[in-house]
Engineer: 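This is the structure I have questions about; it appears just below.
Residues take their numbers from the sequence shown, with the count starting at 1.
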Amino acid sequence: MRHHSIQNKKAPVGCEAEGALAANRTRDESVALEMVELTALMGRLALRLHDTVVEIGYYVKRVVAAEIAAIRAGL
């Protein structure tokens, strides 16, 4: 037995079909825009992560250099 709402549903014709197509197109454009925005956000996040990793690398190099200098001074 088919679901009642499916059984009584008519296929869109004429203006209704154009309206349905326009609604689908609008939804597709909205989804595409959200994907572009999400991609841009991911790019900004990746750049910030890269900058943070580079900063940590510089910090580690400074700490290691200071430790090496302290060891050499104690010799």
Side-chain angles (χ1 to χ4, degrees):
M1 181 167 173
R2 290 169 47 170
H3 191 274
H4 179 71
S5 63
I6 295 172
Q7 186 177 10
N8 293 332
K9 194 167 190 167
K10 295 180 182 177
V13 293
C15 292
E16 291 177 12
E18 289 178 16
L21 288 174
N24 286 342
R25 191 174 316 120
T26 300
R27 185 175 56 246
D28 290 347
E29 289 170 356
S30 177
V31 168
L33 180 59
E34 287 177 8
M35 290 175 65
V36 168
E37 290 171 350
L38 180 59
T39 301
L41 178 64
M42 289 170 54
R44 287 193 302 271
L45 178 62
L47 184 58
R48 289 173 103 183
L49 180 60
H50 173 267
D51 292 346
T52 301
V53 169
V54 168
E55 257 184 66
I56 291 170
Y58 288 143
Y59 175 77
V60 169
K61 284 181 183 179
R62 285 194 307 267
V63 168
V64 169
E67 288 293 324
I68 290 172
I71 290 170
R72 287 183 179 160
L75 292 179

Engineer: Assess the residue pair R44 and L41 against the criterion (side chain to side chain contact (heavy atoms under 4.5 Å, CB included)); give the C-alpha distance rounded to whole Å, side-chain angles, the decisive distance to 0.1 Å, and a yes or no.
Structural biologist: CA-CA 5 Å; R44 287 193 302 271; L41 178 64; 3.6 Å; yes
Engineer: Other than M35, which residues form its hydrophobic cluster under the rule that side-chain heavy atoms must be closer than 4.5 Å?
Structural biologist: V31
Engineer: Compare all side-chain heavy atoms of N24 with those of R27 and state whether any distance is below 4.5 angstrom.
Structural biologist: yes
Engineer: Partners of I56 by side chain to side chain contact (heavy atoms under 4.5 Å, CB included), sequence neighbours excluded?
Structural biologist: T52, V60
